[in-house]
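The first residue of the sequence shown is numbered 1, and numbering continues consecutively from there. Both counts, for ligands and for their atoms, begin at 1 and track the order of listing.
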Amino acid sequence: MKLIGPFKQIITLNNLPLKGKLSDESLEIIANGGILTENGKLLEVNDFDILKQKFPDSEIDFIDNEQIALPAFVDAHTHICFGGNRANDFAMRNAGRTYLQIAESGGGIWSSVKHTRAASEEDLVGGILERVNRLIKQGITTIEIKSGYGLNIDEELKMLRAIKKAQTQTKATLVPTCLSAHLKPRDFKGTSEEYLNYIVNEILPKVKEENLADRVDIFIEKSAFQPEESKNFLLKAKQLGFQITVHADQFTPGSSRIAVEVGAKSADHLEATFDEDIEFLANSNTVAIALPGASLGLGEPFSPARKILDGGGILAIASDWNPGSAPMGNLVTQAAILATYQKLTTAEVLSAITFRAAFALGLEDRGVLSEGKKADFITYETDNFQNILYQQGSLPPSQVYINGEKVL
Ligand code: NIG
Ligand code: FE
């Protein structure tokens with residue numbers, strides 16, 4: 001049993017609804033707080049002196065300078081398993097080149113596919129761990145990672161095996177997702193529908209057999225997969241027992257509706273979502289995941305986070321960290337910027353990168369500081385939690401705990 005504290009403030013995020021808007025007054029803040037952990041879980045979060053009296057035998061980890069604590073963050077959408085770099089795409093886009101011109105000069109998703117295919121599994125593991133360590137420094141201890149730059153059975157399995165191997169070398173939780181339906185690869189002989197069938201018949205059974213992922217994603221977009229074929233694909237993946245998530249409404253609207261209809265855990269992007277589809281999504285238990293990093297990377301509008309919350313929906317915010325559209329990889333900065341443009345309360349932003357994001361991944365054991373939850377939490381050297389978003393990511397956590405153990 002270990003007691004950590006005293007903290008100037010503990011922001012527990014306890015007792016907040018899963019859905020809808022939140023006022024900052026609804027946040028539970030424990031002054032002079034203590035966190036009691038045992039076997040990787042939270043035993044009690046309460047006044048430090050009360051806990052000290054109640055559990056006199058507990059080992060004490062004293063926090064001497066002024067610090068606050070809150071649940072560790074969850075990044076529910078990344079593509080951090082990749083080879084190569086697309087700095088040239090970014091420069092060309094900003095110099096006014098079109099998507100087509102960038103693709104023709106060797107850029108775009110296909111360029112990441114070529115570099116990822118050329119990388120060994122070990123290279124990929126190294127790249128993942130380097131990026132995971134950067135995320136841990138930002139206080140993120142649960143990280144979803146997609147395949148989707150292999151785009152054939154061997155290369156997709158290589159990516160997913162690399163994620164599985166990386167998991168053995170980090171204390172952070174890595175959540176793998178099969179995104180073989182990112183794009184029909186140029187070297188696939190057949191239609192996009194045939195490629196989707198190939199994923200269902202060849203790739204997904206292997207993913208199951210090797211226990212490489214429980215989740216399946218697809219990019220529904222004019223330039224990728226079309227609504228009808230995508231819906232069939234998702235229903236088949238669901239039948240095979242996979243949880244579903246969708247890259248929806250990034251440039252053209254219509255696909256978040258499909259995500260809701262198939263019972264997806266989340267619909268991610270939503271930069272182009274129709275107002276009536278926002279309402280449809282907000283009335284469901286499909287989490288709307290805003291990806292401000294992609295808006296910032298491409299110069300596109302932000303997702304309608306305010307409308308989703310006002311409509312009663314579940315909002316999460318993720319980084320979408322990838323080599324093309326979202327190269328920054330700094331979730332707190334992005335969430336803080338989204339908050340200024342969309343007018344999100346501190347409670348809404350913190351919930352969107354903790355328990356609401358965890359819900360999108362089917363992980364209801366984390367994201368709040370209450371009894372029985374996973375003891376993943378972070379501390380900041382400040383006397384006021386508002387400083388975290390106020391400093392827009394430039395205030396790093398001073399300590400990061402995973403399963404009650406200090407990892408940073
Ligand atoms: O989430 N939208 C499609 N997929 C990624 C981009 C991947 C890439 O450009 O490499 C995204 O933005
Ligand atoms: Fe993405």
Side-chain angles (χ1 to χ4, degrees), residues 75-93 97-100 102-103 105-117 119 124 127 131 143-151 155-156 159 163 175-186 192 215-226 230 244-253 255-256 259 264-273 287-303 316-329 331 334 357 360-361:
D75 193 342
H77 181 139
T78 85
H79 307 247
I80 60 169
C81 177
F82 62 83
N85 160 305
R86 305 224 313 262
N88 191 50
D89 285 25
F90 189 80
M92 281 181 77
R93 196 162 45 241
R97 302 290 178 277
T98 63
Y99 180 83
L100 211 69
I102 294 171
S105 72
I109 293 178
W110 188 246
S111 138
S112 292
V113 173
K114 283 197 294 198
H115 285 102
T116 304
R117 286 182 179 180
L124 294 179
R131 294 173 196 117
I143 303 157
E144 188 261 12
I145 308 177
K146 299 174 195 299
S147 68
Y149 294 127
L151 307 186
E155 296 297 332
E156 285 289 299
M159 289 187 76
I163 300 166
V175 180
T177 301
C178 178
L179 176 60
S180 301
H182 198 182
L183 196 75
K184 184 185 79 151
R186 288 185 188 173
S192 59
R215 297 161 40 87
V216 165
D217 194 351
I218 186 169
F219 184 22
I220 309 182
E221 185 54 56
K222 280 214 171 78
S223 61
F225 297 99
Q226 307 316 306
S230 301
I244 301 304
T245 175
V246 179
H247 277 74
D249 303 344
Q250 185 179 13
F251 304 107
T252 49
S255 46
S256 61
K265 293 296 286 180
S266 72
D268 308 23
H269 273 296
L270 312 169
E271 293 88 330
T273 308
V287 181
I289 305 192
L291 304 172
S295 303
L296 293 166
L298 298 173
E300 293 285 331
F302 288 109
S303 318
I317 305 170
S319 74
D320 196 19
W321 191 1
N322 73 67
S325 61
M328 184 200 291
L331 177 61
Q334 294 164 3
L361 299 177

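- Those atoms of ligand 1 with a heavy atom of H77 less than 4.0 angstrom away are 1 (O).
- For the Fe ion (ligand 2), the N/O/S atoms of D268 include none lying under 2.8 Å.
- Judged by a 6.0 Å distance limit and a 45° cone about the ring axis, R93 is not positioned over the six-membered ring of Y99.
- The Fe ion (ligand 2) does not have H269 among its coordinating residues (no N/O/S atom, backbone or side chain, under 2.8 Å).
- Assignment of Y149 to the shell around ligand 1 is supported, since a heavy atom sits closer than 4.0 Å.
- Considering both main-chain and side-chain atoms, S112 never comes within under 3.5 Å of ligand 1 through any nitrogen or oxygen pair.
- Near S325, meaning under 4.0 Å from one of its heavy atoms, ligand 1 places the atoms 6 (C), 9 (O), 11 (C), 12 (O).
- You'll find the ring centres of H182 and Y149 inside the 6.0 Å limit.
- Judged by distance alone, the side chains of N322 and S325 do bring a donor and an acceptor atom under 3.5 Å apart.
- Given atom 9 (O) of ligand 1, the protein heavy atom at minimum distance is R86 NH2, 2.9 Å.
- Residue contacts with ligand 1 include H182, since one of its heavy atoms falls under 4.0 Å from the ligand.
- Side-chain contact annotation: S319 with T78, donor-acceptor N/O pair under 3.5 Å absent.
- Summarising the geometry of G150 relative to V113, their closest heavy-atom pair is O-CG1, 4.0 Å, with the distance given to 0.1 Å.
- No hydrogens or angles considered: a donor-acceptor pair under 3.5 Å links the side chains of R86 and S112.
- Each of the following atoms of ligand 1 lies closer than 4.0 Å to a heavy atom of I109: 8 (C), 9 (O), 10 (O).
- Residues H247 and H77 bring a donor and an acceptor atom of their side chains to less than 3.5 Å of each other.
- A donor-acceptor contact closer than 3.5 angstrom links the side chains of D249 and S255.
- Of the protein's heavy atoms, D320 OD2, 3.2 Å lies nearest to atom 11 (C) of ligand 1.
- Expressed to the nearest 10°, the angle at the Fe ion (ligand 2) joining OD1 in D320 with NE2 in H79 is 90°.
- Contact annotation for Q250 and ligand 1: only side-chain heavy atoms (C-beta onward) come within less than 4.0 Å of the ligand.
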